[in-house]
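A short worksheet on the structure shown next.
Hydrogens, waters and symmetry mates are skipped; everything else that's a heavy atom, side chains included, is used.
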Amino acid sequence: MGLLLGPAVALHGPAPLPNTGKIAGVVTDDAGQPLPGANVVIDGTSMGAATSLDGEYVILGVPVGEYDVTASFVGYQSVTVTGVQVSANFTRTLDFELLASSNLEEVVVRHEGPRQQNDAIGPPKAVPGERIQARGLASYVGPPSPAPHGGYLPGVQTHNPPPTDREGYAAIDENPFRRVGDAPLSTFGIDVDAASYANTRRFLNSGRLPPADAVRIEEFVNYFSYDYPDPEGDAPFSITTEVAVAPWQPAHRLVRIGLQGRRIDTEDLPPANLVFLLDVSGSMGNADKLPLLKSALRLLVNELREEDTVAIAVYAGAAG
């Protein structure tokens with residue numbers, strides 16, 4: 001069974017096509033700060049790119065010709081530069097500067113020194129031409145939105161900056177010692193989570209120690225399958241208990257309480273109708289995001305039956 005993942009996402013640039021060039025540059029605010037997740041598109045085509053965390057973008061495989069190019073960002077006025085010439089095997093540099101302002105009165109385009117890159121030869125060099133920097137006034141006052149909203153489009157490659165460590169976990173407060181006579185009640189979650197085990201394994205496999213708050217002992221325990229007996233009769237679950245001496249304090253006892261819900265034979269399940277809404281924006285380009293999601297969906301295919309159906313919709317950078 002095959003699985004279609006929607007519009008293609010180009011994470012690695014293909015070999016240059018004949019009679020094509022590139023459009024590349026940087027999108028910044030009026031203070032010179034990069035705007036990550038801004039969209040740069042070639043008007044009238046499906047070609048475009050989302051900026052990286054450094055505000056950089058590159059549009060590959062642009063046929064030779066003259067185009068209008070538009071840059072946009074959430075909360076800012078779109079800016080269009082007309083008459084952008086694209087030559088074969090060259091990179092046309094096109095920078096955009098979006099000004100934070102409460103006015104919407106003007107769009108200024110200024111021309112600066114030339115710079116193009118011959119991809120067949122190597123490093124950038126000065127050739128006859130022009131470097132274009134577009135400036136526009138925006139309706140949004142304040143810092144740009146920190147959440148990228150741009151995306152990959154067919155035939156597009158964006159620059160991937162070094163990964164930024166954004167690991168963050170809620171603090172774990174260790175439960176104090178409680179006397180059973182004072183606190184005789186405890187709760188159990190039948191729907192368990194086992195993510196901490198796999199997450200910690202990811203840290204260790206990459207040669208790093210996990211943050212302390214990422215290690216959740218109960219999720220380590222719940223990660224493994226146990227040979228608990230099935231419930232009998234009309235009981236919704238069975239209960240298995242075990243008591244052992246605490247290794248670190250022989251005077252204490254550890255109690256394990258295992259719950260086993262009723263197992264359902266998958267052959268008797270009705271047909272599954274699964275619908276996935278996938279974010280294909282520029283922020284999903286890291287290896288542990290959209291590529292990982294694709295791998296997970298391929299694994300899902302192996303668990304599906306002929307009578308099951310899957311629908312996929314994508315957004316933020318492409319729609320379909």
Side-chain angles (χ1 to χ4, degrees), residues 1-14 50 147-148 150-158 160 162-170 189-211 213-228 230 237 258-320:
M1 178 183 294
L3 186 61
L4 179 63
L5 297 180
V9 178
L11 298 180
H12 302 283
Y152 294 101
L153 296 176
V156 176
Q157 176 186 0
T158 62
N160 289 322
T164 302
D165 187 1
R166 296 183 178 181
E167 301 282 352
Y169 302 90
I190 296 179
D191 184 15
V192 298
D193 194 346
S196 180
Y197 182 93
N199 191 33
T200 300
R201 181 177 57 195
R202 173 178 64 90
F203 278 104
L204 298 179
N205 287 338
S206 65
R208 296 182 294 164
L209 289 176
D213 292 329
V215 180
R216 298 182 178 272
I217 301 301
E218 73 280 7
E219 297 184 14
F220 276 51
V221 175
N222 291 332
Y223 183 84
F224 299 94
S225 299
Y226 300 93
D227 190 20
Y228 293 142
D230 291 329
F237 54 85
L259 304 181
Q260 176 60 58
R262 187 175 300 279
R263 295 182 175 92
I264 300 177
D265 190 350
T266 56
E267 295 180 356
D268 298 332
L269 292 176
N273 183 14
L274 307 176
V275 180
F276 296 95
L277 179 61
L278 306 184
D279 180 357
V280 294
S281 65
S283 63
M284 292 290 289
N286 295 341
D288 60 348
K289 295 182 180 178
L290 188 57
L292 180 61
L293 177 59
K294 289 182 177 180
S295 299
L297 289 176
R298 292 189 182 98
L299 293 175
L300 172 65
V301 171
N302 298 327
E303 303 299 324
L304 297 177
R305 303 165 298 171
E306 292 295 334
E307 59 268 28
D308 298 330
T309 60
V310 174
I312 295 177
V314 298
Y315 71 99

Using every non-hydrogen atom in the two residues, find where [X] and [Y] come nearest and quote the distance to one decimal.
| X | Y | answer |
| --- | --- | --- |
| F276 | L300 | CZ-CD2, 3.5 Å |
| E307 | P271 | O-CB, 3.4 Å |
| N199 | A214 | ND2-CB, 4.2 Å |
| R216 | A170 | NH2-O, 3.5 Å |
| D193 | A195 | OD1-N, 3.0 Å |
| P210 | L204 | CD-CD2, 4.1 Å |

Donor-acceptor pair between N205 and R202 side chains, under 3.5 angstrom: no
To the nearest 0.5 Å, atom CG of L299 lies from atom CG of L304 at 11.0 Å
task: Please answer whether the main-chain N or O of A194 pairs with a side-chain N or O of N222 as donor and acceptor at a distance below 3.5 Å.
output: no
A side-chain contact here means heavy atoms from C-beta on lying under 4.5 Å apart; do [X] and [Y] qualify?
| X | Y | result |
| --- | --- | --- |
| I312 | L278 | yes |
| K294 | P291 | no |
| V280 | Y315 | no |
| R208 | F203 | yes |

With a sphere of 6.0 Å drawn around CG of L209, does it hold more than 12 non-hydrogen atoms of other residues, nucleotides or ligands?
no
Tell me whether D227 at atom CG has more than 12 heavy atoms from other residues, nucleotides or ligands lying less than 6.0 Å away. no
Those residues at least two apart in sequence (or on a different chain) that pass ring-ring contact (aromatic ring centres under 6.0 Å, His included) with F237 are none
Residues at least two apart in sequence or cross-chain that pass side chain to side chain contact (heavy atoms under 4.5 Å, CB included) with Y226, listed by chain then number, are V221, F224, Y228, R256
